[in-house]
Each structure stands twice: as C-alpha cells, then as structure tokens.
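To keep things clear, I will list the structure first and then write my remarks on it.
Letters A, B, ... are given to chains in the order of the sequence lines, protein chains preceding strands, and every chain is numbered from 1. The structure presented is a predicted model; accordingly, all values stated were derived computationally and were not measured.
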Amino acid sequence: MAENKEKTYVEDVDRSVYDIKDVEHDAYRMEEGLTPAIVDKLSKEKNDPVWMQQFRLQALQIYHELPVPDWGPSIEGLDMEHIATYVRPNTKMQNNWENVPQDIKDTFERLGIPQAERKSLAGVGAQYDSELVYHNVKDSVAAEGVVYTDMESALHGEYADMVKKYFMKLVTPRDHKFAALHGAVWSGGSFVYVPKGVHLSIPLQSYFRLNAKGAGQFEHTLIIVDEGASLHFIEGCSAPKYNVANLHAGCVELYVKKGAKLRYSTIENWSKNMYNLNTKRALVEEGGTIEWVSGSFGSHVGCLYPMSVLKGDNSRMEFTGVTFAGAGQNLDTGAKVVHIGRNTSSYMNTRSISKSGGISTFRSSVVVEKGAKGAKSAVSCQSLMLDSESRSDTIPAMDIRTRDAAIGHEAKIGAISNEAVFYLMSRGMSEEEARALIVSGFADNVSKELPLEYAVEMNNLIRLEMKGSIG
Amino acid sequence: MKSANLLEVKDLHVCVEDKEILHGLNLAIGYDEAHVLMGPNGTGKSTLGYAITGNPAYTVTGGQILFEGEDITALPVNERAKKGIFLSFQNPLEVPGVTLSAFIRSALEQKTGSRLRLWDFKKKLSETMKLLSMDESYAERDLNVGFSGGEKKKAEILQMLMLEPKLAILDETDSGLDVDAVRTVSEGVRLFRERTHGSLLIITHATRILEALHVDAAHVMENGVVVKNGGAALVNEINENGFGSLK
Amino acid sequence: MDTILVNQLPVRTWNRLGVNATALPWDQAASRELEQTHIAAKAGGQETVRLSVQGEGEYSEKSVVVDAAEGSSVTVYEDLRSRQHLLVRTQMKVGLGAKVRLVQLLGTEQDAVLRNEVSGTCQQEGSVELLQVLLGRGDVYTDSRFTLKGDGSALTADMGYLGQARQVLDMNLVVDHYGKKTASRIDASGALKDAAKKIFRGTIDFKRGSSDSAGSEQETVLMLGEDVVNKTVPLILCAEENVAGNHGATIGELDDDTLFYFESRGIDRQTAENILARASIERLARAVGDREIEEKIINGLNEEL
C-alpha cells in the first residue's frame, strides 16, 4: 500500500542515488544550498533556545571558512546540494517503499529483519512501535536514576544547563569542516546522564531512537557518566540504514568523569551510497576508562577515528575494532588518543578485511604529551587481504614527547592462510565456508566484546559480505 | 671484623604486586660454602633469589638481608652486585646491540672502578670461554640474541667466572639443558668454587648439576618459608621420596 | 631563499601531526655543484669505492651515480660531512643479479644541515644493502627511495642514530615492491638525548602484482633526554593479496628488565644508558665489515660523547 510521495524532488534524489557516479562536485559547489536563512528556519522549527540558534549560525560560518581535508578518501561524490535541501525545515522526507533499492530490501530479507522494522530502517513512513519500545526502555532506566532522552528535549527542561555546558565543547565546530556542518544542522540524537555511583545493569541501545525524519544523519549523542558510575551504550545495528541524502555527519561526545567507566559499542552498516563522516570523542578524567568497540561494515566512504583524550591521571582507553571493506567501499577507520595525565594507558586492537576491490585503511594517531609521564600505549593492527583487487593500507603515527613512556606498535598484513583453508576443508567444509569461518574468527576481537545478539548479527553480516550477497 | 656468615636472611617478607610470597624466611650461608635450595614449583625460590639481588619489582615488607654483616635490604641492585652478589638468571634477557664481551667488560670496569687493559681482558675472556666449551664467536655476538637455551646459561656462567662474586645465586641453571650442557655448566660451577672460593646458592628442583659438586647444606622451601635444613643427605632424601616425605 | 618540501610521506595523514613532509629553507640558487662521481661496475665485475664529501661554501651539492651491471658487486663507502649546507644525491641502478652495498656515514657540524637523498632501482634478483649511521651535531634530512622492480629483488636497510642537543634527525624511507618474490627488511634503531628531535617515516608499498613478496620494518627508539621528541610513522600500503608485511616499533626509555640485568652486574643506570645509546651505532659499525669505516664511526661516536 503506497504512502504519498511528499515532494517531487524526491525523484531527483532517487536518481542521484543510482547515478552517483555521474554527479561531479568540487569544493565550491559544496557551499551552495546551505544558507543562514535555512539554518535559521531549521532552528526555529526545532524551537531552539537562543544560544543554540546563535551557535548554529556561528558553526555555519565556520563551515564556509574551513577547507575540505587534503588527506583521506575522496568525498567528491558527496551530494551537498541535496543535503542542503534535506535539512530544510518542514521536510517530511518520506520515501516510498518502492523506491528503496532492491539490494537493501534483499539484505533485510537475508538478515531476517522483522517486516515492521524494515520501513523505519529504510527511512520510509511513520514509526511502527519503535517509539513504544523506546519509552519502555526510557522508563526502566529512569528507575535506576539514569536520564535517557532525545537531544532536542534535553535542550529544554531539567538538564538544559548541563547540555549547554557540554554541547560541542569536546568536538568543536572548528575541528574540521564536517564538525562545523554538524554544528549548524544537527538534529536528533540522544542525551544520557548517569549520576554518581550508578551502574546501569543493561546496555543502553540507541537503536530505538531511529526515526524517519533525518534518520540519524546529523544526530548528536552526548553522554555524561558521572563519578564512579558506569554505562554500556550500544549504537547502531547491523541492518543497513538507508538514506535518501547520502551524508552522515553525526557527532558523539562522551564525558567520563573521575573513576567512571563507559563502554561505547557501535556496529555501523550504512547503505553503500553513504558518506559516513562521523566524529566521536571521549574526555576521560582521573581513573576513568573508555572502551570503544567498533564494527564498521557499510558506507561507500567512511572516515571514523574515535578519539580519546586521557586528561586525568590513571585514565585508560581501549579500542577494539573491525572494518570490512567490500566492493565499492573506501573505509578509512582507526582511532586517536592523546595522553595528557600521568600513568595513562591506551590499547588498540584492530582488524581489517578488504574484499572485491574494497579499500580499507587503518589510520591512527598516538600522541603522548611532555607531562604525560608513565604513559603506556600498545597498538596492534592486523589486515587481511582477500584478493588482489582490493587495497589495505596501514597509516599509523606516534608522536612521543616524554622519555617516561613505553610505547609499542605492531602491524601485520597478509592473506588467508592456505593451510588453514585446507585444514577446514579436510574436515568437510566447502572453500567458501572455510574462508567465511576464518574471516569471522579474524573479527572475533570485536564479536567477543559485544552482547550475544549483536555478535550473532555481526557474524551474519560477515557471512553475507563473504558470499557477496550485499551490494 | 668479618661476620660469621656471608649471607643472612632474617624473617624476610617479600611481596610481588600486593601478593606476599615469602612469609618470614630465614636462611644463612657461610663463606666458601655450596648450598642447595629446593622446593615445589611456585613456592618462592626464585623470589628469594630476586629479593637478595634487589629486584625492585619485589618489595621487602619485613625482615632483613645481611651481606658480610652489612644490612643491604635497602641497597640498590648495582651496589649489591659490586659488593659481590651475582644472580644467574633462569631466563636470561636478550640485549640487542650490546655484545657479550662489552657487557662483561663494562661490569668488570664498574667493579674495579678503572678501565681494563683490552688485551688482558680479551685473553682472560677467551680462556674462560674455552673452559666452558663456548665458541669464541659468541663474544662479539649481541648478548643472548639468538642464543639457544644452553648457550644462554653458559653465557651466565661465563659472566660468573669473569666477575668472581662472593655469592653466586644460580636460579634453575640446569633446567632445559641437554646432558652435555649440564656437564659443562657443572664444570664451570666447580671451577668457580675452586678458583674463587665464592659461595653458592643453587636453586633447583632437578639435581643433575650437583653431581660434580660438594654440597655443604641443603634447604627445603614450602609456601614461602624454609621448612627443613640439612646436609647433602637431605638432597638425596628428597630425590628418593619427594617433598611429601617431610611431613 | 626558497622553502622546499622534503621527506614527503607517500600518503598524507592528519596535518596536525606534522609528519606529511618537512619544510626546509634552502637556497637552491646559491648552491654550488660539486663534481659528479660516476661508479660503474662491468658485468660480473667488482668495485669498491671510498668517497669523502665535504661541502664547499655555504651551499653545495653532489651527485653520485652507481651503475652495477649484470652480476656485478659494488660497495660504496660514503663519508658525508657537512660543514654548512650540503646535499648529496646517490642514485643506484642495480642490474640483473647485481649487488650494491652502500654504507653512509652522515655527519654534520653544529649549525650545519645535511640533506641526503638515496634512490635505487633493482632489476631481477638485484639487491641493495644500505647501512646508514647518523652522527654529528647538526640537522640531518635523509630520504631514501627504492624500487624493487625485477622479480626476486631485495632491499635491506639498517639505520642507526644518536640524537643530541637540539639536533633534528628527519628520515624518510620508501620501498616500492613491484616484482614478484621481492623482499625488504628495514631496521631503524637509535637513541635520543637532551632535546633531540627525530622523525622516522618508513613505507613499505606492495603494488598489485608483487605476489609472494615480504616486507618487514622494525624501529627501536631509546628515549634518554628530558626534552626529546620522537615521531614514528610506519606505513604499509598493500594492493596485493599474496604478500606478508609487518612492522613493529618500540619506543621508550630503558625498560625495567634490561635495567635490572645491567644492575645485577654492577652497572648503574647512567652507564647502562650510555652503553645502549651507543649500541645501535656500534652494531652497525661492526656490520660494515671494514676497519677504516668502523674506526671512523667509533671515533665519531667517541667525539660526540
């Protein structure tokens, strides 16, 4: 049963999705479309407090000043004009189920996504009952003292001052062009506050916050874990998220207070037309710990480097990640850490897989400042090449400014061992199964850090990628 | 006045990473004596060796260590070494970039406080290596890098013979060695006793290394303390009946 | 006075790190060109050449061309001492099955700047062995690029350094694997004292078609000064499935276990640090296998310390 198409320009957007190769953009054309007037209207429609309205306009200014980065994957195909259109207020960018690309629908089928959820994931139509589920989760965590609400609501009401104090202070609009863009047009996202000493017993999942409007493209996540508290937050899901406009410039700011612990898990599987330029950063105080668990599967182009600032003494960071770049994908992922306090430690363990012409780049930065005495850092990255059409690049960098530090780094790249394949086949597996199993095993650094249902989803995703059934 | 004992360990408590391993250990070793320390795995034998040597990862939380009557409990590692304490490591470390020869020469220079005449040093080194059936080429190789287990142990004994300590602690020196290597190492230890008359504390749970040696005393450790002291006969008793026989 | 960009990283990364390239003031126009040295070995022949290059005047540059014909074996000892600003370019053409051994002693006087550029292309089964010792008190910028074109060609590169005072040691090394069964092994080890600043960029690039190739890179940096800065950028770029690449880096001060070992032999921390600071360079000096160069290096080292 067809829902109404709201505007004719939806057809333009559809075409551009399929014809993305024919669209040529250069830096200048990117500026078009996003005017102060649009941002102003957006702000009014959202009922922003005055400070936020001004903030957005300032961010827009910075966006126009900053150049496109001169390193990393090319973002030529970015459809900035339509993004400008997309963020226009009063947009009911509802698509028609018929317009959703077949490969996306096939993936839903293969991953066993319930019918009712498919539409919301595809940015089609109204919510079914994810709103209901969301409310249930919200109430149950409130019982433990945790505040979990959407960002827009958080701007007003009880936590308005807290939000104002922290919003885009960690990732500022000056950081890079897409942080500035985010600052100007952000919409949706979650605000979480865990009070002192509270340990939330269940992982909090952002999945429930998806909605058709904006479908999380410019969502802002702000999490504050107060002293001695702990939280496990899970963002994303393995089902592909499809959007008509192809940029995801989200922002995640995490504040881990003294003695607190935050685990931030993500499985990202944006559809294969998307440019995923997400910026995530954590600030860790004395004795605090941030753990990142990250599985990057989708997007046409992805740039993801969760960054941790180890400000307090004895603060810690752990990053566990896996990236799978298949046909037509260029995923540039990694992590960054800055050691500032004393006796801080950082650990990175990443695996990356490239297949069918995919390009996977591991990019990291470990900076140890002069005063960060007693710093320890260990980075281990492994890359698996599944054929010779693909690429796998490792670009790590270390900048160490104190002698009182112990820094280790190791990286390995290679192909699936033929002996391993032979061994599995000698036990009855087909070559395809053997290779899929080996790759799943290769990604176990992440899957064993995820709650079971996510790990299972992730492994299903890997299996599908290996069969070449997606995109 | 020389004290009666070369080494006295009095009521020693030692912790590693907040866990107490030695719970008030007592031990005395006289001048020119060979002692054997035995005990089941995990009982703290190596810990005692490290504590006497002064490894900072092992914290003394009670008791004393006296060397030639002097309290060395707070003395740093290199000072203890200069006073004549030597540890032959169970798993000698690889030190790329520093040759075996340069390492030993440097240690000797620290001990005597003056530069050695190269010719004299090389001669002595060469002779000692021959005694241990060590190929001369090892002298110019990076310390322990790529050495087999046996060669690493020989390198430790070589260092012992060149440095001539008053007390040499051998931590499982014969473990992992083949028959020939054990023979060579035993010979090296015997030579040490004969030439230097230094004392030995041999930590072992096999006893092949003792075959060529005259043992003056034996001690058995259990749960971080010495539970039995005896003469050479104690070694045989343990070998025949195991540690359980002590109960 | 121009500003040139040297030691460029094959793939750019975050600009904030300051590792993509180095901007260096250099007066190209004022540079005096010294006589070119051409070293050629005929097929199956052997050549050993000793070169000593000192700059002339404020800016000078020298070019050395090494042509190793099929099956030949060439050893070149280059003693490069910069008094002011000196650029030395050494290009190597390594023929079928030929071997070229290049030993470079890069030294600079205080306030002098040495730019060292090395490039080499290897045909089938050709190999290059590079040994570089960075001494002196002035700044050294060294950029080495190798192309393993022919199947079975190989490169080994060993670099040792001791940075002191406010010295800048800026290194770049790139190995492009094109042929099948090509191999590279890179080892950069050294120590930094006082307020020395060092950056090492090492890139192993497996091009499509370089199947059955292997590349490994190892870096060890001993940090001994209170104000030292160390930047390490070990890149592996890969477009070929059947290769094996790895790199490792260890940065820090004298580790506890090693320190304990030295102390247990009566050697205190200070002495141990001095021994280890010299270690990488002494090891390379021995590896050269030539008394004259070995002595030059050890003397140079003794002068420094």
Side-chain angles (χ1 to χ4, degrees), chain A residues 69-72 175-176 305 307 332 334 336 338 354-355 357 359-368 370 375-418, chain C residues 9-20 192-193 197-201 203-206 208-211 214-219 221-256 273:
Chain A
D70 61 357
W71 56 269
D175 274 22
H176 60 85
Y305 324 100
M307 174 171 170
D332 199 309
K336 299 170 75 169
V338 180
S354 318
K355 176 178 185 280
I359 302 172
S360 169
T361 303
F362 169 75
R363 192 181 297 268
S364 68
S365 161
V366 173
V367 173
V368 175
K370 192 151 183 231
K376 283 202 197 20
S377 177
V379 172
S380 163
C381 54
Q382 285 180 266
S383 307
L384 199 57
M385 293 277 288
L386 296 185
D387 53 50
S388 293
E389 296 154 55
S390 315
R391 269 206 80 87
S392 181
D393 293 339
T394 306
I395 306 176
M398 286 151 262
D399 182 340
I400 317 297
R401 298 184 183 237
T402 172
R403 60 178 285 179
D404 189 359
I407 313 295
H409 175 95
E410 59 178 26
K412 265 205 306 243
I413 183 168
I416 291 184
S417 140
N418 287 328
Chain C
L9 203 56
V11 180
R12 299 173 66 82
T13 187
W14 292 289
N15 287 307
R16 261 183 216 125
L17 286 167
V19 301
N20 289 328
L192 301 173
K193 294 169 70 162
K197 188 175 150 186
K198 171 237 136 209
I199 164 169
F200 177 71
R201 308 170 195 75
T203 303
I204 297 176
D205 192 348
F206 293 108
R208 195 153 298 158
S210 64
S211 53
S216 81
E217 190 186 309
Q218 181 65 39
E219 202 195 336
V221 187
L222 187 59
M223 311 267 280
L224 298 174
E226 289 307 317
D227 299 305
V228 297
V229 174
N230 174 71
K231 294 192 190 184
T232 292
V233 193
L235 263 59
I236 306 185
L237 308 174
C238 185
E240 170 59 52
E241 181 196 356
N242 291 309
V243 296
N246 67 77
H247 66 228
T250 307
I251 304 160
E253 49 178 10
L254 186 51
D255 69 275
D256 289 340
E273 284 182 355

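- Contact annotation for Phe362(A): neither backbone nor side-chain heavy atoms come within less than 4.5 Å of a heavy atom of chain C.
- Put simply, of Gly18(C), Gly252(C), Ala249(C), Gly248(C), the one with the most heavy-atom pairs under 4.5 Å next to chain A is Ala249(C).
- Neither the backbone nor the side chain of Gln382(A) comes within less than 4.5 Å of any heavy atom of chain C.
- Asn15(C) CG: more than 12 foreign heavy atoms inside a 6.0 Å radius.
- Interface summary for chain C: among Ala406(A), Ser377(A), Ser365(A), the most heavy-atom pairs under 4.5 angstrom belong to Ser365(A).
- In this structure, chain A has no heavy atom under 4.5 Å from any part of Gln218(C).
- Asp70(A) touches chain C through backbone and side chain together, each having a heavy atom under 4.5 Å away.
- Under the 3.5 Å distance criterion, with hydrogens and angles disregarded, no donor-acceptor pair is assigned to the side chains of Lys412(A) and Asn246(C).
- Scanning all heavy atoms of the two residues, the minimum distance from Pro234(C) to Glu217(C) falls at CB-OE2, 3.1 Å.
- Counting heavy-atom pairs closer than 4.5 Å to chain A, the top residue among Val243(C), Thr13(C), Thr203(C), Leu254(C) is Thr13(C).
- Top candidate by heavy-atom pairs under 4.5 Å with chain A, chosen from Asp255(C), Asp227(C), Asn242(C), Val11(C), is Asp227(C).
- Separating the CG atom in Asp404(A) from the CD atom in Glu226(C) is a distance of 8.5 Å, to the nearest 0.5 Å.
- By number of non-hydrogen pairs under 4.5 angstrom with chain A, the leading residue of Lys197(C), Arg201(C), Arg208(C), Glu241(C) is Glu241(C).
- Proximity to chain C is limited to the side chain of Val367(A), based on heavy atoms less than 4.5 angstrom apart.
- Ring geometry for Trp14(C) against Trp71(A) counts as perpendicular: the plane angle is over 60°, on a 0 to 90° scale with 30° as the lower cut.
- Heavy atoms of Asn20(C) lying under 4.5 Å from chain A are absent altogether.
- Between chain A and the options Glu240(C), Arg16(C), Glu253(C), Glu219(C), the largest number of non-hydrogen pairs under 4.5 Å is found for Glu253(C).
- The distance from the CZ atom of Phe206(C) to the OG atom of Ser211(C) is 11.5 Å, given to the nearest 0.5 Å.
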TODO: Walk me through it: do Thr361(A) and Arg391(A) pass the test side chain to side chain contact (heavy atoms under 4.5 Å, CB included)?
DONE: CA-CA 8 Å; Thr361(A) 303; Arg391(A) 269 206 80 87; over 6 Å; no
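- Proximity to chain C is limited to the backbone of Leu386(A), based on heavy atoms less than 4.5 angstrom apart.
- The candidate from Leu17(C), Val221(C), Ile236(C), Val233(C) with the greatest count of non-hydrogen atom pairs under 4.5 Å with chain A is Ile236(C).
- With rounding to the nearest 0.5 Å, the separation of NZ in Lys198(C) from CG in Leu192(C) is 6.5 Å.
- Among Ala375(A), Ala411(A), Gly408(A), the residue making the largest number of heavy-atom pairs under 4.5 Å with chain C is Ala411(A).
- Of the listed residues (Ser383(A), Ser354(A), Ser364(A)), the one with the most heavy-atom contacts under 4.5 Å to chain C is Ser364(A).
- More than 12 non-hydrogen atoms from other residues, nucleotides or ligands lie less than 6.0 angstrom from NZ of Lys231(C).
- Close approach to chain C, defined as a heavy atom under 4.5 Å from one of its heavy atoms, is seen in Asp393(A), Thr394(A), Ile395(A), Pro396(A), Ala397(A), Met398(A), Asp399(A), Ile400(A), Arg401(A), Thr402(A), Arg403(A) of residues 393-403 of chain A, taken by number.
- Counting heavy atoms from C-beta on, the side chains of Lys355(A) and Asp387(A) come closer than 4.5 Å.
- In plain terms, the two heavy atoms of Pro10(C) and Leu237(C) that are nearest each other are CB-CD1, 4.4 Å.
- Proximity of Ile204(C) to His247(C): side-chain heavy atoms (C-beta onward) are nowhere separated by under 4.5 Å.
- The shortest side-chain heavy-atom distance between Thr232(C) and Asn230(C) falls under the 4.5 Å cut-off.
- Ranked by heavy-atom pairs shorter than 4.5 Å toward chain C, the options Glu410(A), His409(A), Lys370(A) are led by His409(A).
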